[in-house]
There are 2 protein chains.
Amino acid sequence: MRTQNYSRKRQAIYELLLSTDTHPSAEWIYNSLKPQYPDLSLGTVYRNLKLLEGNGAVRSVAVVDGCERYDAKMTRHSHFVCKKCGKITDVFFTETMPDLTEKVYIDAAKDVEEYNLIFYGICTEC
Amino acid sequence: MRTQNYSRKRQAIYELLLSTDTHPSAEWIYNSLKPQYPDLSLGTVYRNLKLLEGNGAVRSVAVVDGCERYDAKMTRHSHFVCKKCGKITDVFFTETMPDLTEKVYIDAAKDVEEYNLIFYGICTEC
DNA sequence: CTAAAAAGGATAATAATTATTGATTTCCTG
DNA sequence: CAGGAAATCAATAATTATTATCCTTTTTAG
């Protein structure tokens, strides 16, 4: 049995995601880590993102301009996507964000596990 | 100035979208219309979907398994996506679905234009 | 330390979407 | 109804994000 969860590179990918609020794409992560890990491969980033997503350590928050964007902050919150520059920012509600999955009854659903709420508009910098 | 908005094929694409509740992909639309329009091209479907989306006649409701899915029902409602089979079904709230864009203040946003709320889970048929 | 398992690098393959180009259709104007 | 400009289209090539492959390297349990 393996006791250490993550390989070095997986750890680096995860920690980078934890440390940023840019909701990056695979490519952004790759470019950010490349200096410190010169032999990093883009495929490794993709593979580990999928793997971490499977673990529930990370989630895909949006697809912007055809690119999947990730977040390691797993507390319930939503996102605002700028339609012009693609920047993604966190949206917190003044009260605790409700668990909408408990507030809906969906005929066609056997089990509602989660939801994703995304706001779109233009950011202050655009 | 052109008075008739749509070409035949564009009209057909739009009307198909209006008549179905499957939230189809470009390919599904293409396959559905092909019998009646044997010279229809897949590129035409993609082009017109983007065009209709620009018009606000249609919207992209989700990306499922890497495929953009569209809806012509423009009244405010949300969607449930089955994580297994990819089926998308409408979600209406008992009260009128609130306009959340008026309920949030987002620092980074100059203008919040719309939002998209998607529930995920397993459908009754899976 | 060693062997087995997991992970990675490099690269090829996939697949959805977009762009191109030359032909066809649409529809305003006369 | 005809001419012509603009819009649209079909066919196909190009693009691009992502995934799969395959062989090597790293990691880890014992």
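We name chains A, B, ... by the order of the sequence lines, and we start the count at 1 in each one. The analysis underlying the following values was restricted to heavy atoms, covering all of them including side chains, and did not include hydrogens, waters or symmetry mates.
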Value in whole Å for how far the C1' atom of C:dT18 lies from CG of B:N48: 14 Å
Polar atom pairs between nucleotides 18-21 of chain D and protein, under 3.5 Å, N or O only, would you list them?
{"from": "D:dT18", "atom 1": "OP1", "to": "A:E68", "atom 2": "N", "distance (Å)": "2.9"}
{"from": "D:dT18", "atom 1": "OP2", "to": "A:Y46", "atom 2": "OH", "distance (Å)": "2.5"}

Sequence neighbours excluded, every pair satisfying ring pair (Phe, Tyr, Trp, His ring centres under 6.0 Å) that has a member inside residues 42-88 of chain A: A:H23-A:H79, A:H77-A:H79, A:H77-A:F92
Whole-Å gap separating C1' (D:dA11) and CG (B:L40): 12 Å
Side-chain N,O (B:S41) to OP1/OP2 (D:dA11) below 4.0 Å: no
Proximal nucleotide (of D:dT8, C:dG8, C:dA10) relative to the B:S7 side chain: D:dT8
Euclidean distance, atom CD of residue B:E53 to atom C1' of C:dT17 [Å, nearest integer]: 13 Å
A:Y14 OH to C:dA7 P, straight-line distance once rounded to whole Å: 16 Å
Separation of C:dT24 P from B:R8 CZ (nearest whole Å): 16 Å
Residue pairs passing the salt bridge (Lys or Arg N to Asp or Glu O under 4.0 Å) test where at least one lies in residues 108-126 of chain B, sequence neighbours excluded: A:K83-B:E113, A:K83-B:E114, B:K87-B:E125
Residue whose closest nucleotide on DNA chain C lies nearer the 5' end, A:D39 versus B:V63: A:D39
More than 12 heavy atoms of other groups within 6.0 Å of B:K103 NZ: no
For atom CD1 of A:I13 and atom C1' of C:dA7, their distance in whole Å: 11 Å
side-chain N/O B:K9 vs C:dT25 OP1/OP2, d < 4.0 Å: no
Qualifying salt bridge (Lys or Arg N to Asp or Glu O under 4.0 Å) pairs, either residue in residues 58-74 of chain B, two or more places apart: B:K73-B:D90
Polar side chain donor-acceptor pair, A:T44 to A:R47, under 3.5 angstrom: yes
Under 3.5 Å donor-acceptor, A:D99 side chain and A:T101 backbone: yes
Axis-to-axis angle between the two ends of the helix from C:dC1-D:dG30 to C:dG30-D:dC1 (five base pairs per end, rounded to 10 degrees): 40°
Presence of B:R10 side-chain N/O under 4.0 Å of D:dT8 phosphate oxygens OP1/OP2: yes
Between C1' of C:dA7 and CG of A:N55, the distance in whole Å: 14 Å
A:A26 versus A:V45, closest heavy-atom pair with distance: O-CG1, 3.5 Å
In one Ile/Leu/Val/Met/Phe/Trp/Tyr side-chain cluster, 4.5 Å: B:L52, B:L42: yes
Ring pair (Phe, Tyr, Trp, His ring centres under 6.0 Å) pairs, two or more places apart, involving residues 104-126 of chain A: A:Y115-B:F119, A:F119-B:Y115
d(CD, A:Q11; P, C:dA7) in whole Å: 13 Å
